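Computed from a prediction, not measured in an experiment: that's the story for all the values here.
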Amino acid sequence: MCLVAIAWQAHPRYPLVLVGNRDEFHQRPAVAAGWWPEADHVFGGRDLQAGGSWLGITRHGRVAVVTNNPLRPPGVNHTRSRGALVRDWLAGTGDAGTFLDAVEKDVGHYAGFSLLVGTLDAGLDGFITPAGSLAARWRVPAGITVLSNSPREAPWPKVGWLEQVLENYLGRPLPTTGPDSEELLALVARRMPVAEPDADTPVARARVTPFVTGADYGTRAATLILADAFGGWRCIERRFGPGGVPAGESQARHSR
């Protein structure tokens, strides 16, 4: 997941709105979002190359998402999959503090990442490595938080853009049926730059373009999680192939 916005307690009727894109090599094998056979209370996609997942939610309201952090690329000591962190949180039963204690103890085994774990009842906690000038662990505040592959202290232009457009959307009167999933997914479906790239390279263009198209690397999935004040939620995953061609959709709902 390379661009994800988390609106936590930013709307009185919808305590969690999460929308984002997973950018990855198209050849990397993965399973579309669904209920996991080995843990049928978990809904999310699964990576088949290294195991784990990039984003998911459970019937009990456990949520996790991870993005990579290229400031610390994979090295010889980084033997564990970052996606396993998402998998282990979703399939587990412990609290976020204990879970992140274990992550912090073993952090040397992972390449750089930004991780959010938590529950719809207790809130979300973040962990970032390397941390730069920011604390490695932090509590997700009320409002909108956006993660990407850029450092949190020096975000890419599309990070600030997504934060602003999501804030604008949630700040306007919503219909009684709630936020429109098409309008929310359209925010991360934008294929035009939100600012001028600082160079004419694919990486520079990706920093200013929410939806990344490419023959080899690009946006593989766009995901929306919308949770209501009663603990129920809806999750939509839209998948894309090379060049941003639509490649399928999965949905799930859960009510408490």
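The shortest distance between side-chain heavy atoms of Leu166 and Leu187 falls below 4.5 Å. Contact annotation: the side chain of Thr223 never approaches that of Val65 to less than 4.5 Å [non-hydrogen atoms, C-beta and beyond]. By the 4.5 Å heavy-atom criterion applied to side chains, Ser150 and Pro155 are counted as neighbours.
Other members of the hydrophobic cluster containing Leu48, listed by chain and number, are Val31; membership follows side-chain contacts under 4.5 Å among ILVMFWY residues, whether direct or relayed. Phe211 belongs to a hydrophobic cluster whose other members, connected by ILVMFWY side-chain contacts under 4.5 Å either directly or through intermediates, are Phe240.
For the residue pair Ala215 and Pro242, the shortest heavy atom distance occurs at O-CB, 3.4 Å. The two residues Arg82 and Gly112 make their nearest non-hydrogen contact at NH1-O, 2.8 Å. Closest approach of Ala50 and Ser81 over heavy atoms only: O-CB, 3.6 Å. Taking each heavy atom of Ser53 and Trp36 in turn, the nearest pair found is CB-CZ2, 3.9 Å. Closest approach of Ser181 and Ile236 over heavy atoms only: CB-CD1, 3.8 Å. Residues Glu196 and Val208 come closest through the heavy atom pair O-CG1, 4.1 Å.
With respect to Glu104 and Arg137, a salt bridge is recorded, a charged nitrogen being found less than 4.0 Å from a carboxylate O. Using a 4.0 Å cut-off between a side-chain N of Lys or Arg and a carboxylate O of Asp or Glu, Glu24 and Arg220 do not qualify as a salt bridge. The existence of a salt bridge linking Arg205 and Asp198 is excluded, since no basic side-chain nitrogen approaches an acidic carboxylate oxygen closer than 4.0 Å. Using a cut-off of 4.0 Å between Lys/Arg side-chain N and Asp/Glu carboxylate O, Glu163 and Lys158 are scored as not salt-bridged.
Taking the six-membered ring for Trp and the full ring otherwise, His41 and His60 have centroids separated by under 6.0 Å.
Within the structure, side chain to side chain donor-acceptor pair (under 3.5 Å) pairs that include any residue of residues 114-128 comprise Asp121-Arg256, Asp125-Arg139 (at least two apart or interchain). Applying the salt bridge (Lys or Arg N to Asp or Glu O under 4.0 Å) test to every pair with at least one member in residues 45-57, sequence neighbours left out, gives these pairs: Arg28-Asp47, Glu38-Arg46. Among residues at least two apart or in separate chains, ring-ring contact (aromatic ring centres under 6.0 Å, His included) pairs with a member in residues 113-143 are Tyr110-Phe113, Phe113-Phe127.
For Arg80, the salt bridge (charged side-chain N to carboxylate O under 4.0 Å, His left out) test picks out Asp106, with sequence neighbours left out. The ring-ring contact (aromatic ring centres under 6.0 Å, His included) check on Phe25 picks up Tyr217, with sequence neighbours excluded. Every residue was checked against the salt bridge (charged side-chain N to carboxylate O under 4.0 Å, His left out) condition with Arg59, not counting sequence neighbours, and none meets it. Checked against salt bridge (charged side-chain N to carboxylate O under 4.0 Å, His left out), Asp216 has no partners two or more places apart in sequence or in another chain. Gln49 is linked by a side chain to side chain donor-acceptor pair (under 3.5 Å) to nothing, counting only residues two or more places apart in sequence or in another chain. Applying the salt bridge (charged side-chain N to carboxylate O under 4.0 Å, His left out) test to Glu167 and every residue at least two apart in sequence or in another chain returns nothing.
By the 6.0 Å contact criterion, CD on Glu153 is enclosed, its count of non-hydrogen atoms from other residues, nucleotides or ligands being greater than 12. For Gln27, the CD atom sits in a loose shell: 12 or fewer heavy atoms of surrounding residues, nucleotides or ligands are nearer than 6.0 Å.
For the atom pair Tyr14 OH and Leu170 CG, the distance stands at 11.0 Å (nearest 0.5 Å). With rounding to the nearest 0.5 angstrom, the CG atom of Leu184 is 7.0 Å from the CG atom of Leu226.
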Verdict with supporting geometry, Leu55 and Ile225, side chain to side chain contact (heavy atoms under 4.5 Å, CB included): CA-CA 10 Å; Leu55 183 154; Ile225 295 177; 3.7 Å; yes
Test side-chain hydrogen bond (donor to acceptor under 3.5 Å, both in side chains) applied to Ser250 and Arg239, step by step: CA-CA 8 Å; Ser250 301; Arg239 296 176 294 282; 2.8 Å; yes
Full working for side chain to side chain contact (heavy atoms under 4.5 Å, CB included) between Asn21 and Val4: CA-CA 6 Å; Asn21 290 337; Val4 56; over 6 Å; no
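Linking ILVMFWY side-chain heavy atoms closer than 4.5 Å, directly or via other members, places Val188 and Val17 in a single hydrophobic cluster.
The main-chain N or O of Trp156 is never found under 3.5 Å from a side-chain atom of Trp161 such that the two would form a donor-acceptor pair. Here the side chain of Glu237 pairs a donor or acceptor atom with the backbone of Ala33 at under 3.5 angstrom.
Here the rule is side-chain hydrogen bond (donor to acceptor under 3.5 Å, both in side chains) with Asp23, and of Thr219, Thr67, Asn68 only Thr219 fits it.
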Distance-only check: which donor-acceptor pairs under 3.5 Å involve side-chain atoms of residues 83-97, not counting sequence neighbours?
residue, atom, partner, partner atom, Å
Trp89, NE1, Val63, O, 3.2
Trp89, NE1, Gly118, O, 3.2
Asp95, OD1, Thr98, OG1, 2.9
Asp95, OD2, Gly97, N, 3.0
Asp95, OD2, Thr98, N, 2.9
Asp95, OD2, Thr98, OG1, 3.2

